[in-house]
There are 2 protein chains.
Amino acid sequence: MARRSSEDKKERILDAATVEIARHGYHQTTVAVIARRAGVADGTIYLYFKNKEEILVSLFERALGRFIAKGQEQLEGMTGAADKLRAIVDLHLTLVGQDRDLAIITQVELRHSLHFLEELSRAQVGGYLAIIAQVIAEGVASGQFRADLDPVLAGKAVFGVLDEMATDWVLSRRNTRLEAKAPEVTELVLGMVASGG
Amino acid sequence: MARRSSEDKKERILDAATVEIARHGYHQTTVAVIARRAGVADGTIYLYFKNKEEILVSLFERALGRFIAKGQEQLEGMTGAADKLRAIVDLHLTLVGQDRDLAIITQVELRHSLHFLEELSRAQVGGYLAIIAQVIAEGVASGQFRADLDPVLAGKAVFGVLDEMATDWVLSRRNTRLEAKAPEVTELVLGMVASGG
DNA sequence: CTGGAAAATGAATAGGTATTCAGTACCATA
DNA sequence: TATGGTACTGAATACCTATTCATTTTCCAG
């Protein structure tokens, strides 16, 4: 019971932080305002997080965990590099497009300092890039993709396309669905890597 | 003379800010430390800039101005959408790769809040995206590029690739030259848009 | 019931820095 | 040399908020 309630409290703090930081930005969001929204006292935050920055890190880790879980589930048992790449595009746009507050944080607030971005980039996003590169390598080996590709470089390019689509969506105020772009984006991405034809 | 010296001072402040912000991040960089490096008093900063944030804006505007000037000069008199796109890739990577401090700012520090990024994105980067979209539209019209492309979307994709390459270079500590990737990146980008073949 | 550990509270602290402004230095002109 | 205006200075101000910790509340084992 105690365990249960604690877990809930930590979740509540992360949820509150997501909303507030998305709305006002990391630096404009005070710990006090997160606490108020979460329904806890200021000091309680520090029973669950070492400091304010750790809230941001935890936020991202929680989100990426869910992201990767769904991704692996989806790619499981799928064969063919092109299909896998299609699935990645679709999943990326769908998941980012699912929660605008979270998207604001991942696309904007999380990138606010070199130190921070380096940390994230190496530890977390690196794994995601590796998966994409792996799929591309598979396609190169099978002949579906161009033989002269550098899978790592091409993987970054694919990520760059997806990331830009996500950022653009966050910055545009219109109420479009991000995943609506998936078919077109898939064509662009496959064009980059597929064997001529 | 007075004019000349003032211009110099403003430039010195921007140069100093570039170095300090690249090294310590926007929020960790105090106005005092920028002033010291520029060789002026703290208060002098406020004779040239309304506030600290305006330093960052000016920094970016100065850089983008130079960027676009070189770009237009380069594209001038060039014909053929594919060649123009090649030139854009080359120029983008070359210019970003020329000054690592500035690159840290454009790729990282400038993106630290939604408000800020929106402002930049709409007012400044929008013009750059429009140029890329224009080139793609030209290629579609001439048949060099795929007929079913949406030039605006494809333009964002191209920008996404270039931006990711730049960010990746900034985060990698190795001393590679960013423009060394230009040929490979060009192939990827052309693959996205070029007619099958 | 009850004693005490664990969890939670929120007012006080401690540290930090953007911005101001009263004063100083400089310079052109008469 | 005197005068007035402009540029510059940097110490003082004014404000802000992350974090701590003495106290209170909650919870459950005995």
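Heavy atoms only: backbone and side chains are in, while hydrogens, waters and symmetry mates are out. Throughout, protein chains are lettered first and strands after them, A, B, ... in sequence-line order, and every chain is numbered starting at 1.
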Quiz item: Can you tell me if the side-chain N/O atoms of B:Lys9 get under 4.0 Å from OP1 or OP2 in D:dA7?
Solution: no

Exercise. To the nearest Å, give me how far apart CG (B:Asp42) and C1' (C:dG16) are.
Key: 14 Å

Quiz prompt | Greater than 12 external heavy atoms within 6.0 Å of B:Lys84's NZ | solution = yes

Quiz item: To the side chain of B:Tyr46, which of D:dT19, C:dT20, D:dT9 is closest?
Solution: C:dT20

Exercise. Ignoring backbone atoms, test whether B:Tyr48 places a side-chain nitrogen or oxygen under 4.0 Å from the OP1 or OP2 oxygen of D:dC8.
Key: yes

Quiz item: Are OP1 or OP2 of D:dT17 and a side-chain N or O of A:Thr30 less than 4.0 angstrom apart?
Solution: no

Practice problem: Could you state the atom-to-atom distance from CZ of B:Phe49 to P of D:dC8 in whole Å? | Solution: 12 Å

Quiz item: Roughly how far, to the nearest 0.5 Å, is CD of A:Glu20 from OG1 of A:Thr30?
Solution: 8.0 Å

Quiz item: Just how far, in rounded Å, is P of C:dT19 from CD1 of B:Ile34?
Solution: 11 Å

Quiz item: A:Tyr26 OH to D:dT17 P: how many Å, rounded?
Solution: 13 Å

Self-check item: Along DNA chain D (nearest heavy atom to each residue), the more 5'-positioned of A:Glu53 and B:Gly43
Solution: B:Gly43

Practice problem: Would you kindly give the CG-to-P distance between A:Leu47 and D:dT20, to the nearest whole Å? | Solution: 11 Å

Quiz item: Nearest-Å distance, NZ (A:Lys52) to P (C:dG15)?
Solution: 19 Å

Quiz prompt | Option from A:Val161, A:Val158, A:Leu178 for which side chain to side chain contact (heavy atoms under 4.5 Å, CB included) with A:Val185 holds | solution = A:Val161

Practice problem: Round to the nearest Å and state the distance from A:Gln28 atom CD to D:dC16 atom P. | Solution: 11 Å

Quiz item: 5'-most contact on DNA chain D: A:Thr44 or A:His27, nearest heavy atom basis?
Solution: A:His27

Quiz prompt | Closest to the B:Val31 side chain, choosing from C:dT9, C:dT19, D:dT20 | solution = C:dT19

Self-check item: Lys/Arg-Asp/Glu bridge criterion (N-O < 4.0 Å) met for A:Arg111, A:Asp163
Solution: yes

Quiz item: Tell me: CG of B:Asn51 to P of C:dT20, nearest whole Å?
Solution: 9 Å

Practice problem: Would you mind checking if B:Asp15 and B:Arg12 are paired as a salt bridge, meaning a charged N to carboxylate O distance below 4.0 Å? | Solution: no

